[in-house]
Amino acid sequence: MTITLDAVEAFFPDRVVTVEERAPALGFTPAQTHMFRRVHGLDRMHSDPELTQDDLMLPAAQKVLGSTDPRAVRHVIYAHALHGGRVADSGTAAHLRDMLGLEHAAAFAMTQQNCAVPLSAIDVAGVLLETDPDPDAKVLVVTGEKLPDPVAAAITTILVADGAAACLVGKDGPGAPVRSFSTRTRGEFAAGLAGTPEQFRAAAELRPVMVREVMDEAVARAGCTLADLQFIIPPNQGLPFWQGTLDAEDLLEKCVFENNARYSHCLGADVLINYRWLLDQGRLEPGRPSMFLATGLGWTYSAMVFEGAR
Amino acid sequence: MSLHRETLSTVHAAGPRPHGELVDDLLDHAGPLDGRPDLVILTYDEADTQGALTIASHLNHRTGGAAHSFGLTGVGPDGGAAAATIAEAYHRAGRSDYALVAVIDGGSGVLLRLSAGSAAAIESSTRSRP
């Protein structure tokens, strides 16, 4: 049995702003604004102050369900990066399920990995499906967080924008087969943004090592090599974030970095947004492996190898 | 075969406490663990008062740092049961033999071990993991 990404959809509000419009609105200085553009590679992004959490997370979920028999959806997983009640609360997953008309499904939220959480959610969806006797059973994974400006302003390493994505996970379905998953957590950095400068520096120094470790393990488990990958799909966390790993000559050409400039960082939704973007352009070769990468404060590093849908 | 479920420790307090304190108390009361879990789940319904801290990662770190760890919320009082369902699924998929679940509820907490074998077997099977 193979776990498949049977449908992936993304959603953005219509309103688009530039770095120079968004950064000052969040209280960033001209120097920080300049850094976001020139160093991080940001340009424009979707951001709508009138948008609600429901407005953001529902459309992609509704679209991904499409004509799927609602009774086939066994679980609804809301995967959110920020924990601590700043955006989602304990009722968000059930609220989402009910608004989608999936009252029969079990709903829960996954978190505590920050922006690495979507890959773990897909992995959990996969193991839940493996134990479901119904070959048509599905799990819906939904991402997307509408941050109030004070919360967005507290994230100083990148500009957070509005974007959401949803993924319908099935087994032996028509979508992209998932070939492997690898993850590591280094909990000595659990303090995240509240950590000391020394912890921040140590985590930054360790990041290339850990990212490479999960990448190597993921391709080994998938039975391929990094050279075999068509694309490496990281989150849109800014270009400097990947120094020491994805800037290697043999990897750089495979990396999907274009959407830093187009969408900026939409927290846990980025990798699915970038996947949908590739799909829309017809660039994913059937049967050829590609890799999702995700990292999250705290720190968790994950890689997942999938193949282009045939 | 189903996982064997064992309560390692419990803590109780009158009011809400930071999740990190509760997790540390649970681990301190449990004493040294046999082996290292390969799956760590922190489940809670009320968000942590110290929300910047990633307590699932901290729990993972304190118990060997070798686990796939995450938080599970939105399942009301059934957090432990929901976590157990996921742990069982990982076990049946051949990907977990030793899950550690911390259930936080306000000022109270329970630390559960879901394991495929006896403590001695866990120690033997996990000792050589990287």
Side-chain angles (χ1 to χ4, degrees), chain A residues 1 3 75-80 82-97 106-114 116-117 120-121 123-132 154 181-195 213 296-300 302, chain B residues 2 16 18-20 23-24 37-79 81-83 85-96 99 102 104-105 130:
Chain A
M1 191 198 70
I3 297 303
H75 302 271
V76 175
I77 304 177
Y78 175 56
H80 60 99
L82 298 191
H83 43 91
R86 287 168 284 178
V87 177
D89 62 25
S90 60
T92 304
H95 174 63
L96 174 65
R97 173 198 61 196
F108 59 89
M110 285 180 62
T111 186
Q112 295 266 336
Q113 287 197 353
N114 292 292
V117 75
S120 273
D123 193 58
V124 166
V127 296
L128 289 171
L129 286 172
E130 283 188 46
T131 56
D132 192 312
F181 174 63
S182 172
T183 188
R184 299 278 190 284
T185 292
R186 295 297 295 253
E188 63 267 46
F189 305 118
L193 292 174
E213 194 170 306
L297 277 168
W299 269 95
T300 295
S302 297
Chain B
S2 294
H19 292 183
V23 161
D24 283 337
D38 48 37
L39 183 65
V40 164
I41 303 175
L42 175 75
T43 177
Y44 56 89
D45 236 27
E46 293 303 319
D48 192 0
T49 55
Q50 297 180 347
L53 308 181
T54 310
I55 303 304
S57 297
H58 173 68
L59 175 59
N60 189 350
H61 178 62
R62 279 208 55 188
T63 55
H68 177 196
S69 60
F70 51 84
L72 178 67
T73 72
V75 285
D78 294 332
T85 299
I86 292 172
E88 287 283 357
Y90 270 98
H91 177 58
R92 288 185 202 172
R95 294 177 50 194
S96 175
I104 302 297
D105 180 13

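In the text below, chain A, chain B and the rest are named by the order of the sequence lines, each starting its count at 1. Below, all heavy atoms of this structure are taken into account, side chains as well, without hydrogens, waters or symmetry copies.
Heavy-atom distances place both the backbone and the side chain of B:A52 under 4.5 Å from chain A. Proximity to chain B (any heavy atom under 4.5 Å) is restricted, for A:E130, to the side chain, taken from C-beta onward. The contact between A:L128 and chain B is made by backbone and side chain atoms together, counting heavy-atom distances below 4.5 Å. For A:L297, the part lying under 4.5 angstrom from a heavy atom of chain B is the backbone only. In this structure, chain B has no heavy atom under 4.5 Å from any part of A:A94.
When the ring-ring contact (aromatic ring centres under 6.0 Å, His included) test is applied to A:H80, the partners found at least two apart in sequence or on another chain are A:Y78. Shown here are the salt bridge (charged side-chain N to carboxylate O under 4.0 Å, His left out) partners of A:D123, two or more places apart in sequence or in another chain: B:R95.
Each of B:N60, B:T63, B:T54 was evaluated against B:S69; a single residue qualifies, B:N60, per the side chain to side chain donor-acceptor pair (under 3.5 Å) test. Among B:L42, B:D48, B:L59, the single residue meeting the side chain to side chain contact (heavy atoms under 4.5 Å, CB included) criterion with A:Q112 is B:L42.
To the nearest 0.5 Å, atoms CZ (A:R186) and OG1 (A:T300) are separated by 11.5 Å.
Among A:D132, A:T131, A:T185, A:T111, the residue making the largest number of heavy-atom pairs under 4.5 Å with chain B is A:T111. Per-residue heavy-atom pair counts under 4.5 Å with chain A were compared for B:G71, B:A47, B:G76, and the maximum is reached by B:G71.
Between the side chain of B:S96 and the backbone N or O of B:D38 there is no donor-acceptor pair closer than 3.5 Å.
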